[in-house]
K.L.:
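I have a structure here, written as structure tokens, and I will follow up with some questions on it.
The basis for the numbers below is simple: all heavy atoms, side chains too, and nothing from hydrogens, waters or symmetry mates.
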Amino acid sequence: MRCLDVKSSVYADADHTAIRCEVLFEGLPAPVPFLAMASDCEAHGAQLFVDLVAGKYGPIADFEPEEGA
């Protein structure tokens with residue numbers, strides 16, 4: 001899957017092993033929620049994580065635990 005754009009990137013955990021974001025993939029009409037991880041079994045997911053950490057799509061917001069969790 002070819003990624004065209006990424007928005008709203010935020011680390012999903014305190015260890016920074018996953019990133020929640022919205023991704024616009026080629027062939028889709030709108031961005032979709034996505035969880036990028038270096039350990040993703042799909043090549044596009046692992047590559048997206050690397051690209052996000054490298055800053056290709058801008059800064060990643062830090063993880064903030066949910067209240068009451």
K.L.:
Considering all heavy atoms of both residues, which atom of R20 and which atom of A12 are nearest to each other, and what is their separation?
P.N.:
NH1-CA, 3.6 Å
K.L.:
Holding to salt bridge (charged side-chain N to carboxylate O under 4.0 Å, His left out), I want the full list of residues that pass it with D15, two or more places apart in sequence or in another chain.
P.N.:
none
K.L.:
Could you work out the complete set of other residues in the hydrophobic cluster of V50, with links drawn between I, L, V, M, F, W and Y side chains under 4.5 Å apart?
P.N.:
none
K.L.:
Using the side-chain hydrogen bond (donor to acceptor under 3.5 Å, both in side chains) criterion, which residues pair with D13? Sequence neighbours excluded.
P.N.:
T17
K.L.:
Taking transitive links into account, so neighbours of neighbours count too, which hydrophobic residues share a cluster with L35 at under 4.5 Å side-chain distance?
P.N.:
M37
K.L.:
Partners of H44 by side-chain hydrogen bond (donor to acceptor under 3.5 Å, both in side chains), sequence neighbours excluded?
P.N.:
none
K.L.:
What is the minimum heavy-atom distance between I19 and S9, and which atoms define it?
P.N.:
CG2-CB, 4.1 Å
K.L.:
Treat each ILVMFWY residue as a node, draw an edge where side-chain heavy atoms are under 4.5 Å apart, and state whether V10 and V53 are in one component.
P.N.:
no
K.L.:
Scan for side chain to side chain donor-acceptor pair (under 3.5 Å) pairs involving residues 50-61, sequence neighbours excluded, and state none if there are none.
P.N.:
Q47-D51
K.L.:
Once salt bridge (charged side-chain N to carboxylate O under 4.0 Å, His left out) is applied, do any residues pair with E26, and if so which ones, sequence neighbours excluded?
P.N.:
R2
K.L.:
Which heavy atom of A38 sits nearest a heavy atom of A46, and at what distance?
P.N.:
O-CB, 3.6 Å
K.L.:
Is the closest side-chain heavy-atom distance between F34 and L48 below 4.5 Å?
P.N.:
yes
K.L.:
Quick one: list whatever passes ring pair (Phe, Tyr, Trp, His ring centres under 6.0 Å) with Y11, sequence neighbours left out.
P.N.:
H16
K.L.:
Taking V32 as the starting point, is it possible to reach L52 by hopping between hydrophobic residues whose side chains are less than 4.5 Å apart?
P.N.:
yes
K.L.:
Let me check something: do F63 and V6 share a hydrophobic cluster, defined by ILVMFWY side-chain heavy atoms less than 4.5 Å apart, either directly or through other members?
P.N.:
yes
K.L.:
Which residue pairs pass the salt bridge (charged side-chain N to carboxylate O under 4.0 Å, His left out) test with at least one member in residues 27-39, sequence neighbours excluded?
P.N.:
none
K.L.:
Measure the shortest side-chain to side-chain distance between F49 and D40 over non-hydrogen atoms and say whether it is less than 4.5 angstrom.
P.N.:
no
K.L.:
Are any non-hydrogen side-chain atoms of V23 and P31 less than 4.5 angstrom apart?
P.N.:
no
